[in-house]
Each structure stands twice: as structure tokens, then as C-alpha cells.
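Heads up: the structure comes next, in C-alpha cells.
In what follows, every chain begins at residue 1, and chains take the letters A, B, ... in the order their sequences are listed.
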Amino acid sequence: MKQELKSTKFGKYGGQFVPEVLMPALEELTEQYEKYKDDPVFNEELDYYLRDFAGRPSPLYHAKRLSKEYGVKIYLKREDLVHGGAHKLNNTLGQALLTRYMGKKRIIAETGAGQHGTACAMAGAAFGIKTEVYMGAKDTVRQRMNVYRMELMGAKVIPVKSGSQTLKDAINEAMRDWVANVETTHYMIGSVVGPHPYPVMVRDFQSVIGKEVRAQIMDKEGRFPDSIVACTGGGSNAMGIFHPFIGDDVQLFAVEAGGTGMKTTDKEALHSATLCAGEEGVLHGARTKVLQNKYGQILESSSIAAGLDYAGVGPELAYLADIGRIKPCNSMDTEALAAFHDLCRLEGIIPALESSHAVAFVKKAAASGELGDVVVINISGRGDKDLETVLGVRHENK
Amino acid sequence: MKQELKSTKFGKYGGQFVPEVLMPALEELTEQYEKYKDDPVFNEELDYYLRDFAGRPSPLYHAKRLSKEYGVKIYLKREDLVHGGAHKLNNTLGQALLTRYMGKKRIIAETGAGQHGTACAMAGAAFGIKTEVYMGAKDTVRQRMNVYRMELMGAKVIPVKSGSQTLKDAINEAMRDWVANVETTHYMIGSVVGPHPYPVMVRDFQSVIGKEVRAQIMDKEGRFPDSIVACTGGGSNAMGIFHPFIGDDVQLFAVEAGGTGMKTTDKEALHSATLCAGEEGVLHGARTKVLQNKYGQILESSSIAAGLDYAGVGPELAYLADIGRIKPCNSMDTEALAAFHDLCRLEGIIPALESSHAVAFVKKAAASGELGDVVVINISGRGDKDLETVLGVRHENK
Amino acid sequence: MKISEKFNELKNKKEGALIAYICAGDPTPEATKEYVTALVRGGADIIELGLPFSDPVADGPTIQAGIERALNAGMTPDTYFKTVGSLKVHIPLVVMTYYNLIFKRGLPKFVKDCAASGISGIIVPDLPAEESVELAGFCKKYDIDLIFLVAPTTTESRMERILVRRTGFIYLVARLGVTGARADIAGSTRELIERVKTTTPKAVGFGISNGKQAADIIRAGADGVIVGSAFVDIIANGKDAAGKLEALAKELKDGIRAAHG
Amino acid sequence: MKISEKFNELKNKKEGALIAYICAGDPTPEATKEYVTALVRGGADIIELGLPFSDPVADGPTIQAGIERALNAGMTPDTYFKTVGSLKVHIPLVVMTYYNLIFKRGLPKFVKDCAASGISGIIVPDLPAEESVELAGFCKKYDIDLIFLVAPTTTESRMERILVRRTGFIYLVARLGVTGARADIAGSTRELIERVKTTTPKAVGFGISNGKQAADIIRAGADGVIVGSAFVDIIANGKDAAGKLEALAKELKDGIRAAHG
Ligand SMILES: Cc1ncc(COP(=O)(O)O)c(C=O)c1O
Ligand SMILES: Cc1ncc(COP(=O)(O)O)c(C=O)c1O
């Protein structure tokens, strides 16, 4: 790992494509992260918060009825049971603790639908660190409850009125804030994206998922699974569960959002399947696959799952896809919805629409035998946040 | 325990005040429950579901910042992290498993705000047992999302249009259904209320909370807490955490809903504090404390927390209060709201408004020293379900 | 009049009993008096007069609605006993209510008030035999019958326990479920009648609404027929309720008489 | 014209440089031509012409809005090079854009297009020295300057790394933060100028909007002043933009000249 941190790249992907003013902050962060990542005191404290605050380990649940329906033995990694309702807190707890160790006094973050922002607010409150979250003004209206949740936990939500008033504008604004306040402020990125060391650091913090799965599946099956399936937006829940298995004979499927079809126009994509259909580019500080037009302008992506709705993807995933170690695939909105209903009805588990994309892929792929006999699906979050969306679709179809 | 099951009473409280047609079903249930309660296979299977499906054990979290603010060392028992967002699933998993062992094919239940109904739907889906939930027609409108949640998980929600169209009418209707279908149907009661064996059985299923606390607090403090504090509606989360400590030198505080004041009219109470202000009576199958007028008509109770809004209370709590083993107390709506905000802001944990009553009591009582040095508060559920309510109050006050 | 006297009288006439239920105070205490008279005119042998409780779990929607009307009109146990006391009827009256109202009034006072207002029997649908010892004691003291229910689900051991305590008559629940008028009579009724081995009169209730059903019940071996929801339905409709109550009572009583013919 | 020639020419005149930024295509390519001419008339020595990118993380709201107007009006890299190629100005032109547009066009093609359309320098705010090796290679080949930024946060070791690669001029970021007109000039500017030990010209940008500030910057030791948001603000307002651009350029240039007086 030390090895890896020294390099800022995964093959040709990754790097640090940021304004000069941020470079020293990235260097400092890299240095500090390197200092603490294997520090026993830091890790003991992080483990403590993961266990007592976040509720880890999350179970690995053998979904008998879903297995029967889909025709393959399915285990669900229950990140939906983590405090806050998603895997997001694994990362924000790690970064918040690092913020404290670095002696910084303030956390900033960007958020789209509000999941990462909520996880930041939780971690910020738990550690008593001032937290400010940038959020597109449009998103603050669409996701009113998440705004309220953050505010309840003492975070300040700053509506961003520039541009399209959505996630990408929030990212831009958060970066600007960081540029202006690097000395006191840690910028908390919510996925394995952005400039080095974020993709490595966020992956490491999320790897607790895969590490638990290793022990749990050994306990239950006496062997590793044939396949692991995870939805992929930025890619943090995917890298979190994949990473500990990279060196093993386990197939890794990264399921992206197929949206309403794999088409793009000059300005927008009907999907968010960056690994499947993106091209090499540089976005938000890293060289990676990007949804872009022929000139390199970034496209508006689209998905029924707000958390997958992003035009980039983590550089390590782009690298692993290129070398064939992970298999990019995708599920469409309608397929994700059907899988969502399956899991609710058959198992009494309401998954996030993001996670439903992974379930939907297993539904499609099980028959061909390509998944093998034993599959682990990462249920990256719970779906309570998505009820309005699902209800809306149901009404539309009436 | 065998001893206890033979008797249907706790002192003078409890019993089986139900129509004759139900008595055989209660006898059968008592017999079957007695048969399986100590059965290793049954318990192993239940433990499995509690662990892998529900996510137990739930953490016991030392809330440092809240402790500092309130001036007493506070541990939070994190039932908010249990699948579904509350302790309710501990009980419904137990009863659903028992339903299967009894060879019954159908589960019915009543629900008020929808928490117990959702937990029933989850357990029903996990075990593949047909589940039908009675809910006051008014409540189905007020709690539209919970209705939808239950339906997603395959449960049928039956709106009850009789009477006040709220919880008590749902209970009545569910009992009627049971009367008509006892042979095939198990009636799943959601708290330590109703006729024997429910108060004993639900308490036993919920006792997993207190059993975990015993081990966890020993691990953390090397001793038992001085006090345990739990909110009390029907009383299942309270009995669940209290019961394993009954024989120990630990103070047990049952915090009821003080609503907007300890006043009653001929038809309604401004609170739901049955242990504090109720009188002996017979309601929903058991002799217990009841909010009633001078003639014995049951009052409409009231609380900002839907789950505490009940005119009865578990008979064992009435008994334990009479003999002085538990201390009934209460928090008002406004106090619960303030405590809700404290926990959000200081710890990044959004508690259910029900649980906030317990927190509020600790806030009030810590100063006097009566709680001792180490307090465990049962955070019976998460507050995501309550955001609209809290937001509503905030707007009202503007 | 004692319940046993009434059944003896009917036995001599080779007639089954018609036991009619309405809810006191539905929609007003005054109306109750008028309706009771109408039912007696129509041929009711015993009147079961509901004392309304806020949470009537054993009753169906029809009777629950009647109970609500009575409660909204202000019916209380005090008013109830006053109303009953003022009734001028010469047949047995039975109070049907839930245990909490009895418990809250105090068991001795409640039973004494029954006796004082001319009530001969008490039915408490949420009071199974096991919990009835104390109330039975006071009933004995004041010479009032405590009437128990048996159901198709009642086991043999429970049946024994109930029959030991029986007074007045045995209330047989015709089918699983709650009160409410239905179109057919369950086959299990005959079986249940046969299972209840006692010389104490057996009356069958739950779901009876017309003369034909009443006749079937009597033919099946019952000593009486209990009808409630069908009467409460008439009251709910309002228009010329007294006349219709009388007519339905007559139809039912005719059916009962025809069964023995 | 090469950037170094311009600075030499100014050095001889004992004058600081005014480097003016506007976004190409804001609000139309035609307007850009008119505005560039106006800026030159006002006294601008170098024009920095933004090539608009959809996600301009290093720019403040003012310039971001200009970029959006340009994108909405259809500005693309193709149109950009055509527009620049048709400009009739005799001062150095510098393209300012984000790395993805360069990357997507292909580094050699982008640099070649710059050369062909008369561009003398490239500024890429999201391309730190570490990532610039490849682009620098092509710039060298086509004799185009690749201009780097240094900031108050830049460490000594980074400073060295940057200065090794410097061509054209060094872009000093006057204060932490992003582009945007502000009322005062940070004290850290002088310090930063002193820290950048090189004979290559140093131009200071970020937050300069009037002649007085421009004079202060030059007095602090800078060789040039970079002004962007203040010009873009004028374009955003619309009315008589060309006239006002010229006037502001004149005010700034007068300030710069005064500093040496
Ligand atoms: C539940 C859930 N799953 C998945 C994602 C996608 O993020 P990532 O690809 O980084 O795991 C999100 C993002 O908000 C999420 O909320
Ligand atoms: C979160 C929560 N806490 C407490 C209660 C009250 O129930 P009990 O008193 O049985 O624990 C409820 C009931 O719905 C609940 O949802």
C-alpha cells in the first residue's frame, strides 16, 4: 500500500489535475493519510466508531427466497443497515477522524441527492467538527428532507445557484471553497473520485466492506464467492467490496446505471454508464473515463438513482476495467425498479435504487451461468429515501 | 420462566380478557410458545435471523458529547440501527418464526403509525408468510409512506373505516379477524400488551436488547449501569431492556409521553402517560393501567410520538410500577423535541420522537443525581419517520 | 323475571325463545324505551340491552356503530340503569357490556345496580370463565345469572370449565367471527349444540337475521335464538324503526314457533 | 507576437503589462472580436481568451457565467480557433482553458491549432506542473509558451519544480480563492512576488478590478497585472460593453503606467 500511495496513478488513470493552489493541500493530505493509515491508534479509533457508532460489521445475509427466484445462491452485504442507511458513513467517519488528526477545524463537502452530505453531517456531529455542505439549489428543493436532516445535525447546507444548480455545480463550488480555505478546511469527497489521494483513501476506508465479506463468506461457505456484484456511480461501494478480493479468483461486476438507454446527445446521456460508454478524459481532478461530447464537454448524465447519476467514475475502476479485472455492465431504470420490487417482496428488504441496479444485473445474468454458483451483492444502501421516486413511477404508469 | 408462563398474571395485572372464541387460540399459542421458547433449534434459527437479517447485536454507544452536555455518562443502546429502524423487528421475527413452527399460514396485525405493521411486513416477507395489516383509515392517509412500505413488501394493508379510524379501531378489527380465522391465522401483537401470553412472549423476544446490554456494559464499564431509561408506550422496548436487569441493582425508568400536559377531559387525555396517570382497568385483553373516564370509557390519548400514543400499557409494567421496581415518569412533547435536537446536533444520531422522550428525561433528571453516574438510554428507533412532524412544529413556531 | 322461569314457561309451551339485542341509548334513551316495547310486542322473550363501551372488540361494525351513536348521545352506566329501571316490561332483561365498565364501577355496585333496575342476567363477551370467579360471586349473591359463551373453537376441557359455571342460559356462538347479520347458518351450529351437554337452555347467536334461519336453529336443537345486528340495522336506518323492529321480531318468533310445529 | 517580445518591449518602456481576460464567444463570436479590439484600444498588452469548458472548477461565478453564455451560444474549440484566427491584433494572445478540452482534441492537434491561429501561450488552471510534461513537449515543438500558476500556498519544493518548467510568464495567484473582482489586494502578494525568484516576468491575477489596485501590484514588484472578472462583468451587463471595456482597460493601464512614474 505504501508503494501505491507514492504513485498518484492507476496505470494511466488518476493523477492530480487541480489548480496549483490546491496542490499543497493534496500533498499535505497524502502525507498525513500516509502517516495515519497504518497507525494503530488511528485505526483503533476508527474501528471503534465503525463498530459502536456506525453499527459494523454489517451482516452478510443469505437471501434464500431471492436465490430461489433468480436461480443462483445470493448473499446480500447489508450496508443498508449502516447508520445513516448506506455505506457512505464508512468513508466520512474515516475522513472526519483524519480531519481531527490533521488538526483541521472545518469540513466541507459536496452532495447531490444528499446521501454523502448526510453522512458528512453525521460524522461531523459525532466528532464535533463544523461541517458545511454544498448542494445544487435545485437539489435542495428536490431533496428537502435530506437538507433538513443535515441541518438537524448541525451542518450548514449552502445552496449553489450557479450553473445547472445540481451536483456538478456543488462540486465546483466546494472546490472553490477549498481553494480559499485550504489551511483550515478538509474537503471530504464522497466517492473514489477526484485527485489523488482521494481515490486511494476513500477506497481504503470503504474496504472494510470487502474485508468483512472475506471473513463472513468463509464462515458461511468455507470458500470465496464466485462473483461479487456492486452498483457503480463514483464507485466507492464497488471498490470497497472489490478491493480485498482483487488478488483472488473472484469475478467482480461493476453495474452502472443504464438509465433509459445507452444513447447520448451533444449535451446529455440517457444513462450514467461511464465505464461502459465513457471515453478517457480529465474530470474533477483525475484522468478517468468520462461521459463527454466530441469536444470534451462533460455531458449531463441520467439515472433513476440519484447516487449513480454522475458523468465520471473512479480512476481505479477505469484501470481495472481496462486490464479486465472487473467487468463493467449496466442495468436500466426499469430493470432496477423490477429488482427493487423483488427484493422488497421476497426478502422484506427495501434496497436503495442504486443497489437495485446490482440486484437487477444478477437477475439478468444468473441464467447464463456466468456468475457461478455463489454471488455476493453489495446492498449499498436502504431505499427509504427512494419511496417517493418509486411511487411516482407507479403513478405515471397508471 | 416456565413457572411464569403457567400463570397468566403479573400480580393482579394481566390475564386473558377476550371473547371465548379466542381463548382456545390463546391456549394454543401459550402451549406452542412454551414448547419452543427454550427449544434450541427454534432459538438458533431466531438468533440467525436476528443477526443476519436484523443486524444484531445493536451497538451500545458511549455518547461523549451528549454526556458532557447533560452531565452524566450516557450510553445509547442503538435499536435505531436494527433493520426497519426500530426494535419492533425483534418481536415480529420471533412471532413470525413461531407462526411457521405452529404451522399457521397467515399473519395479521394492527398498526397505528405503521411501525409495527412495517416490522410485520418485513418478517412476513422474510419468511414468506402472507401478512395482512389493519390500520385506521385516517392513519393510512397520515402515514402514506408506511402504507406504501408495507405494500412493497407484499403485505396487504386494510384500512379500517369504523370508529375513530385510528389505532384502537385497527386493534378491534384485527381481533375480529382473528376471531373469524383463528385456525389458520396468527395475530401478531406489537407490544407487551394484550392477553396472556403476549405480554410475556413479546417481552421475551425483546429481551435480546437487555441481554446484549448486560454483556456490552460489562465489557465497557466492568459493571452494570446505575440507571436504564426507556420510553414507554405499550412498553415493549422498555421491558426488553429492563427484563434482564430485574434482579439487579439497577434503577429502571419508564418514560411515558406527557403530551401537552397531564390533563384529561371526559373523552381525551392531553398525554399518554398511563403508568403515571392511568387507573386500573381492562383493555385489549388484559387487566392493567388504563386512561379512562370515571365510567370506564377509554380516553383518546395524545402524544407527538405516534408510537407512544396509546391509552393502555403492558400489565407487567403496571405490576413493576406498583411494587416500586420501575419508576414511571414522563416527558412532554416540547421536552422530547428539545432532546431530539440535542441528539441530532451533538451526536449525529436522529432518534425517533418516541426515544427522544427517554433522552429528555435524562436531560431533566441528570442534575439531581438520581440517575447515578452511568446511564443507558434505549434509543428504540430512528427518527427519519418523524422529520415531517418535527418540521411541522418548526414551521408552526415561526 | 328470572331467565330460567322464562325458559320453563316456553318449554311448557313447546316454544323456542327469541332473545333480542339492541344497544341502550341508540340513538336516545327515550327511543330505547319505545324500541324495547316494540320488540316485546313483536314477541321477544328476553331483551339483551347493550351498555355501550368505547372499545367493543367482540362486536361487528353494525353493533359498533350503534354503540357509537349511543355514546355520542351521552349514554353512561348511570343513565343506563336509570333507563332500564324505568322500563315497563315483564320479560327478563339482560345487560351486555364489556368488563372494563363493570370493573370501573366496582363489581358489587354494578351487580347491585343490575338487581335494583330489574336486570336478570349479565353477558360480558370479553370475560372468559377463567376470569369470572369474582363477578360470579356477586351475581350469586344478588341472584343474577352470569351467562357464558361457547364457540365452535371451544375445546372439551374448556367446555367443562364453562359448563360448571353456567347460569341462565348458554350463549352459543354460531360461527367463528363477530356479531353481524349473514345469509346462511353454519353447519357447525348443529355440531356445537350437540357438543354442549347440559340441561341448561342453549341459545344460538351471531349472524341470524330472518325467520327461516331462526327456524333452522331451533330445529337443530337450540332452545333459543339471539338476534342483534338485524335489529340494530333497523335502528340505524331510522325511519319507522319501532314498526320494523316489531315486524322483524314477529317474523323471527313465527319462524321459531314454526320449527316446533 | 511572442510573449517574451512583448515583455521586453514593455521593459524598455519601463511599463508593466496589462493582461486582459475575456471568454471567447461571450455572448457571441462576433462580439468577442469587437471586445478584443476595444481592449487593445484601451491599452491591453496581452489578451487571454478563454475557451469555455462545461465544468470550470477554478473560476468564480462571474467568469463561470460568461463561460455558460459562450457555451449556450454554441462556442466550440473548432469555432474558437476559427474566431481567434480571424482576429486582427498585433499583441500576444493566450488561450486559457481546462485540460479535458486539450486532452480530448489530442495534445499535438490542440497545440498545432494554437500555433496556426496565432496563439502564443496556453494557461491550463487544472494542470499542475507534475502533469504537464507531455503538453510542455508539444508546446516546445510549436514554440508556444505553457504558463504556470503559483499560489501563496505553493511550497518551496513545488516552487522549484514549477520554475524549472516556466515559459512566457509566471501567473501569480494573488490570494487564496478563485477568480473574481475584490476591493482590496492581499498583503501576501508582495511576499509571493519576492518568493518567486526568477527573471521571467511575473504577472499577478485574481481579484484586480481598478487602476489603483493595478498600480499597487506593479509597485509591489510585478511585471504585469491580469484582470478578468472586471471585464466579464462589463460584458454581462451588456450595454455599451465595448466602450466600457476600453475605458476600464485604459484606467488599468494608466494605473500601471503611474506606478512606474
Ligand atoms: C445507496 C448508494 N449506493 C451507491 C451510491 C453510489 O456511490 P458509489 O458508486 O460511490 O458507491 C450512492 C451515492 O450516493 C448511494 O447513496
Ligand atoms: C421507535 C419506537 N419506540 C417506541 C415505541 C413504543 O412502543 P413500545 O412502548 O412497545 O416500545 C414505538 C412504537 O411504534 C416505536 O416505533
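For the atom pair CZ of C:F53 and CG of B:L283, the computed distance is 6.0 Å after rounding to the nearest 0.5 Å. Within the model, atoms CD of C:E68 and CG of B:D169 stand 7.0 Å from one another, a figure rounded to the nearest 0.5 Å.
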Residues B:M23, C:T154; criterion side-chain contact (heavy atoms from CB on, under 4.5 Å); working and verdict | CA-CA 8 Å; B:M23 287 299 290; C:T154 303; over 6 Å; no

Start with the C-alpha distance between B:E183 and C:T153, add both sets of side-chain angles, then the distance that settles side-chain contact (heavy atoms from CB on, under 4.5 Å), and finish with yes or no.
-> CA-CA 9 Å; B:E183 278 142 4; C:T153 53; 4.1 Å; yes

Determine, stepwise, if the pair C:N100 / B:Q292 fulfils side-chain contact (heavy atoms from CB on, under 4.5 Å).
-> CA-CA 9 Å; C:N100 198 50; B:Q292 52 186 323; 2.9 Å; yes

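Against chain C, the residues from residues 265-273 of chain B that qualify, each with a non-hydrogen atom under 4.5 angstrom away, are B:K267 in number order. Within residues 294-301 of chain B, the residues having any heavy atom less than 4.5 Å from a heavy atom of chain C are, in residue-number order, B:K294, B:Y295, B:G296, B:Q297, B:I298. For residues 101-111 of chain C, heavy-atom neighbours of chain B at less than 4.5 Å comprise C:L101, C:F103, C:K104, sorted by residue number. Listed by sequence position, C:L71, C:N72, C:T76, C:P77, C:D78 are the residues of residues 71-80 of chain C in contact with chain B, using a 4.5 angstrom heavy-atom cutoff.
Within 6.0 Å of NZ in C:K33 there are more than 12 heavy atoms belonging to other residues, nucleotides or ligands.
Only the side chain of B:E27 comes within contact range of chain C, with at least one heavy atom under 4.5 Å from a heavy atom of that chain. Contacts of C:P125 with chain B are made by backbone atoms alone, with heavy-atom separations under 4.5 Å and no side-chain atom involved. Both the backbone and the side chain of C:P56 come within less than 4.5 Å of a heavy atom in chain B.
Considering only heavy atoms from C-beta on, C:I162 comes within 4.5 Å of B:E20 through its side chain. B:R176 places a side-chain heavy atom less than 4.5 Å from the side chain of C:Q64. Using a 4.5 Å heavy-atom cutoff, the side chains of C:D126 and B:V18 are not in contact.
Of the listed residues (C:D55, C:L149, C:T155), the greatest number of heavy-atom pairs within a distance under 4.5 Å of chain B belongs to C:D55.
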